[in-house]
Amino acid sequence: MSSIQPIPMKFRVPEIAFPKGWYCVAEADEISADTLKPVSYLNQQLIVYRTQSGAAQVADAYCPHLGAHLASHDGCIENGAIVCPFHKWKWDGEQGHCVDIPYAGIPQSRSLSLTLHPTREIDGMVLMWYHPANAAPDFEPYVSSALQQHKWVLFDSIEWVSTCPYRDLYENLFDTAHIVQLHGASKMPVLRSMEQRAHGLYVDYEIDPSAEQFSMKSLTAHFTGVTALNQLFEGEGWATNFVISTTPLDNERFIEKVRLYVRDLGSKEMNEMIGKPWIERFKFEVEQDFKVLNYKKHLPQPKLCGGDGPIYQYREYANQYYV
Ligand code: FES
Ligand SMILES: [Fe+2]
């Protein structure tokens, strides 16, 4: 255990800012049309629920009337309407409009509205759009085609709270030197290609079967902006898919959540044979990373040398999301 304490982020990053993008705020199976799930991310209080048509929706948790938290006390959602616990005003869960004030009738103005956030339900995650200037979404999140095509089992999911500077987390994947030096891999990974796609970055790695414990055929990664990542590993007769999201709680911390899907091999034992070593290796490496990352500082001008990997290339990509 480290005896150092991470110092406040304002001393470790040049400017505290959350990038625009799609942030996971709940798991799809955690929400329903008859409960309000309160969550706190990106310095905001939010509620997550399903509308009457079944769509996932994220809204501000504070009632526009007098600021009650909509999920406090007996605040609820009933027949598609959110009922505030304070004065029982009702808000339409789909559009946000106020649809009833018990002691003043139905409001005439449609502008009296709860703030709803653009929401998508993808690969088991509920994603909310965030833009620092409240602009509308200008890209869509990555949807895994592999997860749609085959039968998978959700083998495990793990989450960590990290105090790493947010922008330095995914950069770690392009810092190839640390993969040998910190993680002890026998060889540095080689990136075959890095390509900008509509959802974000697509990365394809070169596979060296001699350096791999799991006879791997391909490793590809799809980033949704700089807030989520899908890593697909394929081998002879097996595949694993890591669905990863990273969402700031506040200026100091973010949650990294990893869900491991294993392509169903038909029995629990077989799936375990693949899933277990993968999740263990992943967990071990993430925790190894956090031993350093949680205390690091973001250096705008690092002193890089040959062999450090495409860190600047990743930063150039990431910068477009910091508006
Ligand atoms: S604060 Fe919500 S109805 Fe008054
Ligand atoms: Fe790492």
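Whatever order the structure lists them in is the order used to number ligands and atoms, beginning at 1. For reference, positions follow the sequence shown, starting with 1.
Checked against a 6.0 Å centroid threshold, the rings of Phe242 and Phe282 count as neighbours. Remark: aromatic rings of Phe139 and His199 are distant, center separation not under 6.0 Å.
Of the charged side-chain nitrogens involved, at least one lies within less than 4.0 Å of a carboxylate oxygen, so that Lys283 and Glu287 count as a salt-bridged pair. Under the 4.0 Å criterion applied to side-chain N and carboxylate O atoms, Arg50 and Asp34 are not assigned as salt-bridge partners. With respect to Glu195 and Arg197, a salt bridge is recorded, a charged nitrogen being found less than 4.0 Å from a carboxylate O. Look at Glu280 and Lys276 and you find a salt bridge, because one of the NZ, NE, NH1 or NH2 atoms lies within 4.0 Å of a carboxylate O, short of that distance.
When you scan the N, O or S atoms of His65 for the one nearest atom 4 (Fe) of ligand 1, you land on ND1. Atom ND1 is the N/O/S atom of His87 found closest to atom 4 (Fe) of ligand 1.
Under 4.0 Å from ligand 1, heavy atoms of Trp89 appear from its side chain as well as its backbone.
With the Fe ion (ligand 2) as the vertex, atom NE2 of His183 and atom NE2 of His178 span an angle of 90° (nearest 10 degrees). Between the OD1 atom of Asn172 and the OD1 atom of Asp289, the angle taken at the Fe ion (ligand 2) works out to 90° after rounding to 10°.
Taking backbone and side-chain atoms together, Cys84 has no N/O/S atom less than 2.8 Å away from atom 4 (Fe) of ligand 1. With a cut-off of 2.8 Å, atom 4 (Fe) of ligand 1 has no N, O or S atom of Cys63 in range.
Interface of Ala68 with ligand 1, defined as ligand atoms under 4.0 Å from a residue heavy atom, comprises 1 (S). Within ligand 1, the atoms closer than 4.0 Å to a non-hydrogen atom of Phe86 are 1 (S), 4 (Fe), numbered from 1 in the order shown.
With 3.5 Å as the limit, one finds no donor-acceptor pair spanning the side chains of Ser144 and Asp123.
The shortest contact between atom 1 (S) of ligand 1 and any protein heavy atom is with Leu66 N, 3.3 Å.
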